[in-house]
2 protein chains.
Amino acid sequence: MARTAGRSPEETRRVLLGAAAEVFRDRGVSATLADVARGAGVSKGGLLYHFATKDDLVRALVQDMLDTFRADVTAAVDPDDTGPGRLTRAYVRVSLRAHDADEVRETAALIAQLAAIPEVAALAKSDARHWAATLAADGLPPTVLALVVSAADGASFAALWGGASHTLPAHDLERGLLRLTRDRDLWALLAPSQG
Amino acid sequence: MARTAGRSPEETRRVLLGAAAEVFRDRGVSATLADVARGAGVSKGGLLYHFATKDDLVRALVQDMLDTFRADVTAAVDPDDTGPGRLTRAYVRVSLRAHDADEVRETAALIAQLAAIPEVAALAKSDARHWAATLAADGLPPTVLALVVSAADGASFAALWGGASHTLPAHDLERGLLRLTRDRDLWALLAPSQG
DNA sequence: AAAACTGTACCGGCTGGACGGTATAGTTCC
DNA sequence: GGAACTATACCGTCCAGCCGGTACAGTTTT
């Protein structure tokens with residue numbers, strides 16, 4: 001009974017975060033520390049060794065999810081894609097791909113649940129601001145950008161309560177959004193100056 | 001100590017739901033029944049007379065919000081608008097108008113928080129399915145519909161953590177979305193058969 | 001018409017259990 | 001030897017739900 005067979009502290013931390021994500025997603029944030037610990041195959045004491053407080057755990061979890069999403073998007077940027085909107089396209093791809101993979105769905109559900117915790121809300125808000133600034137520099141017209149990003153966000157969130165809320169396959173929606181980021185005829189038709 | 005001066009039970013129920021919405025929005029679902037009761041100017045016992053259980057209260061609240069949103073959309077349908085997409089346009093208007101008015105924002109925050117409660121998730125899911133079916137019969141091409149509705153949902157949700165996540169004013173986004181529901185040139189450019 | 005009764009709408013104190021956190025003693029790996 | 005745990009016991013707090021009452025509005029009885 002000690003350091004669980006050859007697992008590094010860093011690994012344990014990650015296992016704990018993973019278990020927290022799963023347990024909180026399934027049973028809500030009100031789930032017990034004991035539950036999380038059990039889910040990770042770690043004792044409650046062990047959990048509290050790594051995260052001194054439940055708030056600590058929650059904060060770390062949210063930060064980790066935010067970071068993971070950002071890293072995913074950065075990694076999803078197509079190196080051959082040099083036109084305006086390349087980051088936005090990566091954002092769309094990750095959002096809708098993850099939507100299928102139940103990945104950002106967890107993030108969404110959790111962040112939403114946790115938005116009530118002021119400190120967590122602050123984290124998310126600062127992250128959102130950062131995204132807004134980054135995406136604004138991506139070369140798309142503001143209307144197009146807002147439309148595409150809102151739709152990507154909305155599609156991710158739909159999974160939260162709808163499952164398959166709209167009957168259109170995510171893949172088709174993704175194609176439509178990507179086309180919106182590329183087709184300048186569409187941009188023109190959406191420009192505010194238009195009728 | 002009796003029936004609070006001239007207030008009907010129905011009124012009390014509504015006051016309680018209103019207080020629950022406010023308190024849960026501000027302090028999360030983990031807020032106390034006593035807090036909700038205090039917010040409504042009712043004793044905890046009185047609250048529990050109307051809603052036998054905290055889950056009961058939550059369920060009733062979510063259902064009420066869902067119903068309210070649906071009623072708002074129905075009421076927002078423009079009688080002079082007879083073209084395809086008229087319901088979708090009402091949906092967009094309510095979503096983004098409420099987004100300004102912090103109205104659907106509450107709904108979103110709450111439903112999101114409550115999505116972890118299976119029974120509530122079921123309510124929301126069934127509601128989402130109903131919306132999908134209703135909107136599908138609105139006469140818009142599937143891709144356009146999915147894009148517009150996703151964007152409207154996403155914009156509502158953005159308020160959850162971002163506040164003003166994208167710098168575009170909601171009004172401009174609304175105009176873009178409404179144009180998308182009307183302009184057949186845009187439909188053509190977004191049609192799946194296209195490049 | 002007044003007394004007796006009944007049901008509804010509430011009040012507010014209480015409690016039992018759950019949960020976060022602490023403490024401590026022991027164990028195993030680096 | 002110290003970091004990284006396990007296991008267990010315990011404490012204090014907080015809160016949902018229960019319960020015994022109370023006040024009023026009707027309804028029925030006399």
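Letters A, B, ... mirror the listed sequences (proteins, then strands); counts begin at 1. Fair warning: this is a prediction, and the values are worked out from it, not measured in the lab.
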Is there side-chain contact between A:Y49 and A:V42, with at least one heavy-atom pair below 4.5 Å? no
Please report, rounded to the nearest Å, how far the P atom of D:dC15 is from the CZ atom of B:R27. 10 Å
Between P of D:dC5 and CG of A:L47, the distance in whole Å: 11 Å
Quiz question: by atom type and distance under 3.5 Å, do the side chains of A:D153 and A:Y91 form a donor-acceptor pair? yes
Would you say the side chain of B:R14 lies within less than 4.5 Å of the side chain of B:D64, judging by non-hydrogen atoms? yes
Could you state the atom-to-atom distance from CD of A:E10 to C1' of D:dA3 in whole Å? 14 Å
Separation of D:dT6 atom C1' from A:R38 atom CZ, nearest Å, is 15 Å
For A:L57 and C:dC19, what is the distance between atoms CG and P respectively, to the nearest whole Å? 16 Å
Is there a side-chain contact between A:Y49 and the phosphate of D:dA4, meaning an N or O under 4.0 Å from OP1 or OP2? yes
Of the options D:dC5, D:dA16, C:dC10, whose atoms approach the side-chain atoms of B:K44 most closely? D:dA16
Between B:S43 and A:A31, who's closer to the 5' end of DNA chain C by nearest nucleotide? B:S43
Under 3.5 Å, side chain of A:R179 to main-chain N/O of B:A191, donor-acceptor pair present? yes
Atom CG of A:L33 and atom P of D:dT8 are separated, to the nearest Å, by 18 Å
Could you please name the option among D:dA16, C:dG21, D:dG17 that lies closest to any side-chain atom of A:L48? C:dG21
Could you tell me if the side chain of A:H171 sits less than 4.5 Å from the side chain of A:L96, heavy atoms only? no
Quick one: is B:H50 getting a side-chain N or O under 4.0 Å of the C:dT8 phosphate, OP1 or OP2? no
B:K54 has a side chain; which of D:dA16, C:dA9, D:dC18 sits nearest to it? D:dA16
Rounded to whole Å, CZ of A:F51 lies from C1' of C:dG21 at a distance of 16 Å
Below 4.0 angstrom from OP1 or OP2 of D:dC15, is there any side-chain N or O of B:T32? yes
State which of D:dC5, C:dC10, C:dG21 makes the closest approach to the side chain of A:T53. C:dG21
Between atom CZ in A:R13 and atom P in D:dC5, what is the gap in whole Å? 12 Å
